[in-house]
Undergrad: 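Sharing a structure, written as structure tokens. Questions coming.
In what follows, every chain begins at residue 1, and chains take the letters A, B, ... in the order their sequences are listed.
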Protein chains: 2
Amino acid sequence: MIDKLDFILALAREKHFGRAAEACGVTQPTLSAGVKQLEEQMGVLLVNRGSRFQSFTPEGERVLDWARRIVGDTRSMREEINSLRHGLTGRLRIAAIPTALAMVAALTTPYRQRHPNVQFTIYSRTSIEILELLDNLEIDAGITYLENEPVGRVNSTPLYHERYRLLTSADAPLGNRETVTWAEVAQVPLCLLTPDMQNRRIIDRLIKSAGGESRPTLESDSMILLFSHVRTGRWASVMPAKLAETLGLTDTLRAIPIVEPEASQTIGLVVPAREPMMPVTAALVEEAKRLSTSLDA
Amino acid sequence: MIDKLDFILALAREKHFGRAAEACGVTQPTLSAGVKQLEEQMGVLLVNRGSRFQSFTPEGERVLDWARRIVGDTRSMREEINSLRHGLTGRLRIAAIPTALAMVAALTTPYRQRHPNVQFTIYSRTSIEILELLDNLEIDAGITYLENEPVGRVNSTPLYHERYRLLTSADAPLGNRETVTWAEVAQVPLCLLTPDMQNRRIIDRLIKSAGGESRPTLESDSMILLFSHVRTGRWASVMPAKLAETLGLTDTLRAIPIVEPEASQTIGLVVPAREPMMPVTAALVEEAKRLSTSLDA
DNA sequence: TGGGTTGATAGATATATTCTATCGTTAGGG
DNA sequence: CCCTAACGATAGAATATATCTATCAACCCA
């Protein structure tokens with residue numbers, strides 16, 4: 001029964017019987033039979049299908065909702081019982097927005113000291129993708145913006161405030177300044193994240209409200225790529241302060257506070273709002289709370 | 001998997017492999033094998049057993065907790081999908097304290113008009129038993145005292161206030177009074193519920209605080225029995241006002257308000273605090289809210 | 001019309017489940 | 001101290017379920 005519910009969860013993710021089957025480690029006929037059996041038990045069609053997957057029926061959507069809960073609880077139960085015997089073990093799947101990647105280590109490092117048997121898988125994703133992954137139980141926690149794009153059932157723990165810096169070389173225009181304004185930044189040719197990233201949308205908004213227009217010379221979905229360009233001394237970018245510090249500044253590379261306005265966004269840990277949480281997840285939230293207070297100081 | 005979880009829920013109720021098996025509609029070896037399989041999957045003993053059932057291990061208790069949730073959610077899912085097609089159907093299992101039995105009809109009658117395909121099973125139980133039954137998912141809702149003996153995860157809806165009357169014949173001592181005091185009631189030989197009933201404990205407390213002592217001439221766990229005795233004209237009892245009205249008063253049978261103090265207890269509907277509720281249960285709560293407001297008026 | 005893709009179906013095989021029958025242990029009574 | 005009844009575990013057979021491979025039918029797109 002529970003494995004059948006798992007089938008339709010995979011189907012919801014993949015929207016494709018074959019791929020869903022693969023994701024579940026079974027063959028396509030097995031998955032088809034499982035879905036059909038669920039439909040017979042419920043006495044109602046769950047999936048609209050012509051010659052291919054089309055969509056879930058309204059009843060199917062409701063079953064999906066329950067399935068997420070039931071399958072999640074089953075995993076949580078296994079996790080909890082296992083952790084009673086062996087301490088925390090298993091794999092913690094985290095997704096973070098690119099601009100927060102550098103500070104994930106501040107969370108994972110103390111966690112690992114406390115619970116050495118937990119392994120990590122960390123994905124770089126957009127804030128929207130992170131919420132989808134959480135919804136589909138594909139990750140255990142996300143690190144993303146807390147303020148915007150609120151979503152269904154999640155618990156949030158604030159971690160730190162993202163503040164913006166103009167990253168540029170000292171000999172470039174504005175390179176010698178103590179602060180710059182968003183209006184000035186708007187005049188500089190920038191390397192920025194692609195527009196599907198919320199960080200980019202935030203920066204665009206700030207530039208626009210300062211009367212400028214965002215016309216980056218270079219876009220990428222990789223912060224490393226952006227940074228390596230700035231590093232050459234011939235490009236500039238806007239980055240969160242913490243990230244710039246982590247990547248490393250030199251004499252010639254400066255991170256200049258941007259003012260008017262001195263914008264900030266709250267970044268935090270987001271976990272599925274299920275009670276009780278999986279022990280590994282609960283421990284991560286604990287760690288986040290500790291980290292949050294130490295960063296406040 | 002889910003049926004195995006059902007096995008241990010039955011085992012927790014029955015504390016006996018054979019009876020638990022019977023309750024699940026399987027044979028004893030099947031249930032034994034199911035429990036053992038769960039234990040293997042979890043990698044830990046769940047049940048302490050010598051030559052007979054002893055207890056659950058700490059891990060077993062945790063699994064029980066999860067099992068209640070998972071099995072309950074599975075039922076809720078089936079219920080919900082079914083009700084999407086056929087309207088509300090199925091059986092609603094309710095347990096009520098004896099003194100509230102008479103007013104259950106005020107809840108079930110309008111419910112049945114709205115949802116004619118729902119069947120009812122109604123048990124008369126003590127308030128403590130009701131909470132246990134709720135915990136074990138053996139009933140869908142309880143009607144009991146809201147104020148005392150609070151318990152874990154339940155949602156309450158107040159229904160009405162229970163006020164006390166001396167039920168006695170007009171020609172008996174006190175029979176001609178408009179009100180009597182608890183101190184006076186303490187002097188009358190009474191027919192009361194057995195001490196495992198909370199109603200009895202409440203009355204005992206009231207008599208005691210009026211300086212009297214509760215020494216009922218007759219005890220029973222059945223309100224009908226108590227009432228039929230009073231009806232003979234040679235006995236007296238203390239009953240909630242609503243119950244006395246329902247059972248019917250005559251010229252010679254009077255229900256006299258008891259004052260000093262004019263005590264009252266809140267009676268309400270109690271359902272498992274699970275989100276979302278089963279549709280049949282949710283509808284019952286709706287009905288309770290409606291009834292509550294109409295009784296307030 | 002034809003190749004490629006998708007999901008359903010058939011039949012064979014493997015796995016799991018559940019039953020009946022029986023055994024070993026233990027608690028309690030005489 | 002032994003006998004008995006009750007309880008839960010185990011063995012083995014019958015059955016049911018699940019899963020696989022192979023293939024088919026419908027559909028899409030060129």
Undergrad: Tell me if the CD atom of A:E129 is crowded by more than 12 foreign heavy atoms within 6.0 Å.
TA: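 Yes, because the 6.0 Å sphere around CD of A:E129 holds more than 12 heavy atoms from other groups.
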Undergrad: Taking A:N82 as the fixed residue, which of A:H86, A:E79, A:E80 is the one that meets the side chain to side chain donor-acceptor pair (under 3.5 Å) rule?
TA: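 Testing A:N82 for a side chain to side chain donor-acceptor pair (under 3.5 Å) against A:H86, A:E79, A:E80 leaves exactly one candidate, A:H86.
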Undergrad: Determine yes or no for a side-chain-to-main-chain donor-acceptor pair under 3.5 angstrom, with A:R125 supplying the side chain and A:Y123 the backbone.
TA: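 No; zero donor-acceptor contacts below 3.5 Å.
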Undergrad: Using the 3.5 Å cut-off, write out each protein N or O paired with an N or O of nucleotides 23-27 of chain C and the distance between them.
TA:
unit_1	atom_1	unit_2	atom_2	d
C:dT26	O4'	B:S51	OG	3.2

Undergrad: Would you mind writing out the side-chain donor-acceptor pairs for residues 24-31 of chain B within the sub-3.5 Å range, not counting sequence neighbours?
TA:
unit_1	atom_1	unit_2	atom_2	d
B:T27	OG1	B:T30	OG1	3.0
B:Q28	NE2	B:S32	OG	3.1

Undergrad: So, using salt bridge (Lys or Arg N to Asp or Glu O under 4.0 Å) as the criterion, who are the partners of B:D65 when residues are at least two apart?
TA: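 Expected list: B:R62.
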Undergrad: Starting from P on C:dA16, measure out to CG on A:D3 and report it in whole angstrom.
TA: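 In whole Å, C:dA16 P and A:D3 CG are 12 Å from each other.
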Undergrad: Looking only at atom types and distance, does a side-chain atom of A:R91 sit under 3.5 Å from a main-chain N or O of A:F120, one as donor and one as acceptor?
TA: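 Yes.
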Undergrad: How sharply is the helix from C:dT1-D:dA30 to C:dG30-D:dC1 bent, taking the axes over five pairs at either end and rounding to 10 degrees?
TA: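 That helix has its two terminal axes inclined by roughly 30°.
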Undergrad: Side chains of B:M77 and B:D73: closer than 4.5 Å at any heavy-atom pair?
TA: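 Of all side-chain heavy-atom pairs linking B:D73 with B:M77, none is under 4.5 Å.
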Undergrad: For the pair A:R85 (side chain) and B:G43 (backbone), establish whether a donor and an acceptor sit closer than 3.5 Å, ignoring hydrogens and angles.
TA: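 Side chain of A:R85 to backbone of B:G43, a donor-acceptor pair under 3.5 Å: yes, one is there.
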Undergrad: Who passes salt bridge (Lys or Arg N to Asp or Glu O under 4.0 Å) against A:R112, sequence neighbours left out?
TA: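 Expected list: none.
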Undergrad: NZ of A:K15 versus P of C:dG7: gap in Å, rounded?
TA: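 One finds 12 Å between P of C:dG7 and NZ of A:K15, rounded.
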Undergrad: Mind checking salt bridge (Lys or Arg N to Asp or Glu O under 4.0 Å) for A:D196 and listing every partner two or more places apart, or none if nothing turns up?
TA: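 Residues passing salt bridge (Lys or Arg N to Asp or Glu O under 4.0 Å) with A:D196: none at all.
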Undergrad: Need two values: the first and the last nucleotide of DNA chain D, 5' to 3', having an atom under 4.0 Å from any heavy-atom of chain A.
TA: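 Listed 5' to 3', the contact boundaries are D:dA18 to D:dC27.
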Undergrad: Quick one: A:L45 CG to C:dG7 C1', roughly how many Å, whole number?
TA: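 Computing the A:L45:CG to C:dG7:C1' distance gives 14 Å.
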Undergrad: Can you list, by residue number, the residues of residues 53-68 of chain A that have a non-hydrogen atom closer than 4.0 angstrom to DNA chain C?
TA: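 Per residue number, the list reads A:F53.
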Undergrad: Just jot down the side chain to side chain contact (heavy atoms under 4.5 Å, CB included) partners of B:D204, sequence neighbours excluded, or say none.
TA: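 So B:D204 forms a side chain to side chain contact (heavy atoms under 4.5 Å, CB included) with B:L192, B:R200, B:S214.
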Undergrad: Give me the residues of residues 18-32 of chain A where at least one heavy atom lies under 4.0 Å from an atom of DNA chain D, by number, or none.
TA: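 Nucleic-acid contacts, sorted: A:V26, A:T27, A:P29, A:T30.
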Undergrad: With heavy atoms under 4.0 Å as the rule, sort A:K4 into base, sugar-phosphate or nothing.
TA: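 The residue A:K4 makes sugar-phosphate contact but no base contact.
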Undergrad: Could you pull out all residues at least two apart from B:F53 that satisfy ring pair (Phe, Tyr, Trp, His ring centres under 6.0 Å)?
TA: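 With neighbours one apart ignored, the set is B:F56.
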Undergrad: Is B:L193 close to B:M223 at the side-chain level, that is, under 4.5 Å between some pair of heavy atoms?
TA: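 A side-chain contact exists here, since the closest heavy-atom pair is under 4.5 Å.
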Undergrad: Considering residues at least two apart in sequence or located in another chain, which fulfil the salt bridge (Lys or Arg N to Asp or Glu O under 4.0 Å) criterion with B:R114?
TA: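 Testing B:R114 for salt bridge (Lys or Arg N to Asp or Glu O under 4.0 Å), a comparison that skips the adjacent residues, returns B:E287.
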Undergrad: Pick the nucleotide of DNA chain D nearest each of B:K36 and B:H16; which residue has the one closer to the 5' end?
TA: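 The residue closer to the strand's 5' end, by nearest nucleotide, is B:H16.
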Undergrad: Looking only at atom types and distance, does a side-chain atom of B:H115 sit under 3.5 Å from a main-chain N or O of B:V118, one as donor and one as acceptor?
TA: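 Such a contact is absent between B:H115 side chain and B:V118 backbone.
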